[in-house]
Amino acid sequence: MDSKDGEYMVEVEDLHKGFDGNQVLDGVTCQIPAGKISVVMGPSGTGKSVLLRHVVGLLYPDKGDVRVAGKSVPHLNEEELLELRRNVGMLFQDGALFSSMNLYDNVAFPLRQHTKKSERDIKEIVMQRLEEVGLQEAVTKMPNELSGGMRKRAGFARALVLEPELLLFDEPDSGLDPVRTALLCDLIKQIQRKYNSTGVVISHDIKSCFNIGDHIILLHGGKVVDQGSKEELQRSTKPFTQQFIKGAVEGPLGME
Ligand SMILES: Nc1ncnc2c1ncn2[C@@H]1O[C@H](COP(=O)(O)OP(=O)(O)OP(=O)(O)O)[C@@H](O)[C@H]1O
Ligand SMILES: [Mg+2]
């Protein structure tokens with residue numbers, strides 16, 4: 001999965017999506033640079049998760065296009081979609097672990113589904129990933145026996161097992177304490193560097209955004225109101241950008 005010209009891994013063009021008369025995305029256009037971390041920020045309910053779901057073909061646009069590595073996702077056939085998902089690691093907002101499987105089997109699942117690796121090789125990979133997120137002691141635990149933060153880290157380990165070129169994280173930091181958030185941000189950065197992958201992180205936490213984001217995209221009212229490097233956004237004269245940056249820094253905006 002090579003990005004089209006080495007420049008953008010994901011291109012979103014004039015994306016429209018509504019549900020039962022509720023227009024959520026109203027012409028979103030943005031680009032995700034390859035080999036970097038992009039952060040998508042915006043108030044709760046603006047459609048950040050909806051946007052991310054279009055990237056892996058879990059939702060289809062009413063209008064507009066989403067291209068990954070130059071290929072239009074809504075136009076992929078089933079086989080191509082499977083191939084795309086093999087190359088994309090997605091951490092859902094709630095961790096989305098299978099409740100009937102223990103932690104080990106949850107993390108091993110993508111390897112068993114998408115590769116022909118032996119159980120011995122799978123064990124090596126799974127244990128390495130679990131060690132990276134500090135969960136090697138919890139392998140036999142069931143999801144309901146894990147804390148919210150542990151579930152998040154487990155989802156993170158699972159998103160990484162196939163060494164994906166594109167990593168999508170939907171609020172990896174929500175429900176985590178500040179120390180864990182900082183550790184997770186470091187981990188995202190480390191992994192991104194190690195595999196030279198492209199990362200997209202959705203977050204409400206302005207500190208983690210500025211810490212890990214090479215490129216920042218600001219969503220509001222169904223549109224991209226601003227995007228650029230953190231320096232560019234800090235210099236931006238757009239009132240929403242300033243309010244958002246300052247507001248989020250100063251304290252709770254009631255956006256959780
Ligand atoms: N499958 C769906 N069917 C109907 N409405 C949906 C669906 N998915 C999302 N929505 C609606 O789309 C809007 C945007 O939802 P989304 O989950 O993308 O918000 P968000 O920006 O991720 O918010 P948060 O920061 O709280 O996670 C919401 O009004 C939500 O109710
Ligand atoms: Mg969301």
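If you're wondering where the values come from, they're calculated on a predicted model, not measured in any experiment. When a ligand or atom number is given, it counts from 1 through the structure's own listing order.
Close N/O approach between Val50 and ligand 1 is found [any backbone or side-chain N/O within under 3.5 Å]. Considering backbone and side-chain atoms together, Gly45 places an N or O closer than 3.5 Å to an N or O of ligand 1.
Between Pro74 and Asp65, the closest side-chain pair of non-hydrogen atoms falls below 4.5 Å. Counting heavy atoms from C-beta outward, Glu145 and Leu103 have side chains that stay 4.5 Å or more apart.
Pairs passing the side chain to side chain donor-acceptor pair (under 3.5 Å) check and including a residue from residues 26-41, sequence neighbours excluded, read Asp26-Lys223. For residues 29-53, no pair satisfies ring pair (Phe, Tyr, Trp, His ring centres under 6.0 Å), with sequence neighbours left out.
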Step-by-step side chain to side chain contact (heavy atoms under 4.5 Å, CB included) determination, Leu51 to Ile202: CA-CA 10 Å; Leu51 174 63; Ile202 291 178; over 6 Å; no
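Pairing each heavy atom of Asp170 with each of Ser49, the nearest pair is OD2-OG, 2.6 Å. The two residues Tyr104 and Glu119 come nearest to each other via the heavy atoms OH-O, 4.4 Å. The two residues Asn106 and Arg158 have their closest heavy-atom pair at O-CD, 2.8 Å.
Heavy-atom distances between Glu171 and ligand 1 reach below 4.0 Å in at least one pair. In this structure, Gly47 counts as a contact residue of ligand 1, since one of its heavy atoms falls inside 4.0 Å of the ligand.
Listed by number with element, the atoms of ligand 1 under 4.0 Å from a non-hydrogen atom of Asn22 are 29 (O). Below 4.0 Å from some heavy atom of Val24 lie the following atoms of ligand 1, by number and element: 12 (O), 13 (C), 14 (C).
With a cut-off of 2.8 Å, the protein N/O/S atoms near the Mg ion (ligand 2) add up to 2.
Residue Phe98 shares its hydrophobic cluster (ILVMFWY side chains chained together at separations under 4.5 Å) with Met101, Phe109.
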